[in-house]
2 protein chains.
Amino acid sequence: MVNDIKLLSTLEAMTGPTPHTPTKAQLLELVAALGTAQWQDFAAAAARHGLTSVQAKLLAQLKGPVPMRGLAALLLCDASNVTGIVDRLEARGLVRREPDPADRRVKNVVATDEGRETIRRVRAEMQATHSALDALDEAERTALYGLLERLRPGLEHRG
Amino acid sequence: MVNDIKLLSTLEAMTGPTPHTPTKAQLLELVAALGTAQWQDFAAAAARHGLTSVQAKLLAQLKGPVPMRGLAALLLCDASNVTGIVDRLEARGLVRREPDPADRRVKNVVATDEGRETIRRVRAEMQATHSALDALDEAERTALYGLLERLRPGLEHRG
DNA sequence: CGAGTTGCTTGACGATCTCAAGCATCAATG
DNA sequence: CATTGATGCTTGAGATCGTCAAGCAACTCG
């Protein structure tokens, strides 16, 4: 699938002095470190707006109306947990519970204007993440995106 | 710095049908999604050994003796929080508190044999992460490693 | 209608997290 | 040496997060 010699030399030109092929363990550690760094960047940005990371994460899922059950699935947690988180967001006016017209058991959660604006700012204020991505040029971003997309299927549906 | 045309076509051969250059937002979203997926993989593996994710994360830091204060710095949390986490790990025999010979205020936390073995297994059992990385060949891993290393400086020391 | 399922909430309980306060120890100063 | 201040850890109060079990309302199917 890949022409090793040509590709590696191109990559070397691209990423600077190439470390020799990393162990899976090294790669794993690096991915983990960056994952937590980015999560903490997110948490810090959320905190500046008086949100916990979980509240911000929930808010980030609300592109449209989502039933409580759906939020539990997205956040991979118990539905009873979502009740409390939405309670607190609703008390601050960032979110609304709307009755579902088709099923009276269901409550759909919707972000208010203020909620949308807040999460937009949180994303914009993730300085560490933004400046990290700014270190890459366009070609590198495309390459990174492609590689990460290849990782996605393995990571997201787990066995 | 980069020969765009040649590089992009090589990358296209490498990553399959190339999405056009992704927005920073798209890239950010993808990185976030993979970060959480990996974190949940870690949490699930830890849970199989009766550990919470935070307990496992603390255990993962113990390559040698680390003072409580140092753990708080590594985990980016209050020192009083570490007390409780170490209490629970110590009660299960995964960790020990040792007096510091040079400073009697300090307690150094050390992983026991069982603690080391447990965290080793947790890492080994992160199936989703391992199988995701298995989807990449050697050249791709090297490329990914190089790109992530470029991201690290921006992400880790934040302003 | 009745039985089972599903969506949400509540209550109990443990873990995580922060803050303020406290105790012991260290370091520096007079 | 004695005092003062800083440092390392623990404790307690209070909020959030997370699960499980139980409950109520509403949907589905026979």
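Treat the numbers as computed from the prediction; the structure is a model and nothing was measured. Residue numbers start from 1 in every chain, and the chains themselves are labelled A, B, ... in the order their sequence lines are given, proteins ahead of strands.
For the pair A:Val31 and A:Leu151, the minimum side-chain heavy-atom distance is 4.5 Å or more. Side-chain contact between A:Arg116 and A:Leu94: absent, with no pair of heavy atoms (C-beta onward) separated by less than 4.5 Å. Side-chain atoms of B:Val86 and B:Leu58, non-hydrogen and from C-beta on, do get closer than 4.5 Å to each other.
What separates CZ of B:Arg69 from C1' of D:dG8 is a distance of 7 Å, to the nearest Å. Distance A:Gln55 CD to D:dG18 P: 10 Å, rounded to the nearest Å. Protein atom CG of A:Leu58 is 14 Å distant from nucleotide atom C1' of D:dG18, rounded to whole Å. Rounded to an integer number of Å, the gap from B:Trp39 CH2 to D:dG18 P is 11 Å.
Checked by atom type and distance alone, the side chain of B:Arg92 pairs as donor or acceptor with a backbone atom of B:Gly50 at under 3.5 Å.
DNA chain D lies under 4.0 Å from at least one heavy atom of each of the following residues of residues 88-110 of chain A: A:Arg88, A:Asp103, A:Arg104, A:Arg105.
Side-chain contact check for A:Glu125 and A:His130: no donor-acceptor pair (N or O, by modelled atom type) lies under 3.5 Å.
Reading DNA chain C from its 5' end, the first and the last nucleotide to sit under 4.0 Å from a heavy atom of chain B are C:dA15 to C:dC26.
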Test log, rule side chain to side chain contact (heavy atoms under 4.5 Å, CB included), inputs B:Arg141 and B:Glu138
CA-CA 5 Å; B:Arg141 277 184 225 168; B:Glu138 208 169 288; 5.7 Å; no
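Between A:Ser80 and A:Ser53, the residue anchored closer to the 5' end of DNA chain D is A:Ser53, taking for each the nucleotide with the nearest heavy atom.
For the pair A:Arg105 and A:Asp100, the salt-bridge criterion is not met [side-chain N within less than 4.0 Å of a carboxylate O].
When all heavy atoms are compared, the tightest approach of B:Ile119 to B:Ala60 is CG1-CA, 3.9 Å.
Nucleic acid contact class of B:Thr52 (heavy atoms, under 4.0 Å, all strands): sugar-phosphate only.
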